[in-house]
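In what follows, a structure is listed as structure tokens, so that the remarks can point back to it.
Both backbone and side-chain heavy atoms feed into the values below; hydrogens, waters and symmetry mates do not.
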Amino acid sequence: MPAMDNMAGNIFLIGLMGAGKTTHGKQLAALLHRDFVDSDQLICQRTGVSIPTIFELEGEAGFRKREAAVIDELTRRHSLILATGGGAILAPENRQCLQNRGTVIYLHATPEILYQRIRYDKSRPLLQVADPLDKLKQLYQQRDPLYRATAHLVFNISPQHSCPQITKQLLHLIQQSSPEAP
């Protein structure tokens with residue numbers, strides 16, 4: 001496990017949609033007194049449209065190109081907590097930026113847990129299909145090996161734990177991996 005002091009203190013959260021990257025990232029940033037950025041939200045702010053609209057106008061390839069530029073830019077910052085989009089790890093250049101410029105934590109959850117969390121969310125373009133749970137299972141099968149290969153740490157999300165409990169456990173995990181973290 002690389003020490004966080006030689007990675008500019010960055011923490012990058014990866015995982016499938018609904019794993020809690022944004023929720024826990026914001027809470028960790030507040031606890032650690034660091035900036036927080038959600039790469040998907042930044043893309044929406046810069047384009048002035050939603051991710052489904054970007055997918056509709058530019059396709060997934062157009063969105064992924066925008067995402068790669070944002071990931072490269074954000075991972076160059078210091079003392080940042082970054083929540084990436086679920087598919088950010090699909091591009092080898094994104095995986096390299098994440099791995100080399102911070103501590104990567106994979107928020108792992110099964111497709112069934114994720115489905116329970118996001119089944120009513122219409123803002124997820126990849127899940128606007130007849131069987132969203134099956135789609136989550138396909139995404140999990142494709143992406144789980146990439147998340148694991150990219151991550152320095154894997155954190156298993158349990159449906160029994162509340163959001164504050166998960167954030168507290170993540171903070172403990174970060175502090176164990178870095179003697180400098182508060």
Test of understanding: with side-chain contact (heavy atoms from CB on, under 4.5 Å), list the residues that count as partners of A69, not counting sequence neighbours. none
Non-hydrogen side-chain atoms of E93 and I71 separated by less than 4.5 Å: no
By side-chain contact (heavy atoms from CB on, under 4.5 Å), K65 pairs with (sequence neighbours left out) none
Below 4.5 Å, heavy atoms only, C-beta onward: do L170 and Q27 meet side chain to side chain? no
Distance in Å, I14 CD1 paired with N94 CG, rounded so as to fall on 0.5 Å steps: 11.0 Å
From E67 atom CD to D40 atom CG, the distance as rounded to the nearest 0.5 Å: 6.0 Å
Backbone N or O of R77 within a donor-acceptor pair of the N10 side chain at under 3.5 Å? yes
Would you please name every residue forming a side-chain contact (heavy atoms from CB on, under 4.5 Å) with E56, sequence neighbours left out? none
Going by the rule ring-ring contact (aromatic ring centres under 6.0 Å, His included), which residues pair with Y147 if we only count those two or more places apart in sequence or in a different chain? Y106
Could you state the interatomic distance from OG1 (T103) to CG (L13), rounded to the nearest 0.5 Å? 10.5 Å
Keeping D144 on the side-chain end and Y140 on the backbone end, is there a donor-acceptor pair under 3.5 Å? no
Is there side-chain contact between M17 and L136, with heavy atoms separated by less than 4.5 Å? yes
Salt bridge (charged side-chain N to carboxylate O under 4.0 Å, His left out): pairs with one or both residues in residues 9-24, sequence neighbours excluded: none
Looking at residues at least two apart in the chain, or sitting in another chain, which of them share a side chain to side chain donor-acceptor pair (under 3.5 Å) with T75? R101
Note, R148 side chain near V154 side chain (heavy atom, < 4.5 Å): yes
Applying salt bridge (Lys or Arg N to Asp or Glu O under 4.0 Å), can you list everything that pairs with K168, at least two apart in sequence or on another chain? none
Quick check: do I89 and T84 have side-chain heavy atoms less than 4.5 Å from each other? no
Listed by chain and number, what are the side chain to side chain donor-acceptor pair (under 3.5 Å) partners of R95, not counting sequence neighbours? none
Are R76 and D72 ion-paired here, with the side-chain N under 4.0 Å from a carboxylate O? yes
Rounded to the nearest 0.5 Å, how far apart are CD1 of I105 and OG1 of T150? 13.5 Å
Identify, with sequence neighbours excluded, every residue that meets side chain to side chain donor-acceptor pair (under 3.5 Å) alongside T47. none
So how far is it from I43 CD1 to D38 CG, rounded to the nearest 0.5 Å? 9.0 Å
Partners passing side-chain contact (heavy atoms from CB on, under 4.5 Å) against A109 (at least two apart in sequence or in another chain): I113, L114, I157
Whether over 12 other heavy atoms sit under 6.0 Å from Q138 CD: yes
Has R34 got a side-chain atom pairing as donor or acceptor with I11's backbone, closer than 3.5 angstrom? no
Atom CD of residue position Q141 - does it have more than 12 heavy atoms of other residues, nucleotides or ligands inside 6.0 Å? no
Could you tell me the separation between the CD1 atom of I51 and the SG atom of C44, rounded to the nearest 0.5 Å? 4.0 Å
Expected output: side-chain R117 to main-chain A19 donor-acceptor under 3.5 Å: yes
How far apart are the closest heavy atoms of G85 and S39, and which atoms are they? N-OG, 3.3 Å
Residues at least two apart in sequence or cross-chain that pass ring-ring contact (aromatic ring centres under 6.0 Å, His included) with F36, listed by chain then number, are none
Could you check if a side-chain atom of T167 sits within less than 4.5 angstrom of a side-chain atom of T23, using non-hydrogen atoms only? no
Joint cluster assignment, F63 & V49, ILVMFWY side-chain distance < 4.5 Å: yes
Would you please indicate if the ring centroids of H152 and F12 are separated by under 6.0 Å? no
With sequence neighbours left out, the residues meeting side chain to side chain donor-acceptor pair (under 3.5 Å) with E73 are R46
For the residue pair I81 and K26, establish whether any side-chain heavy-atom pair is separated by less than 4.5 Å. no
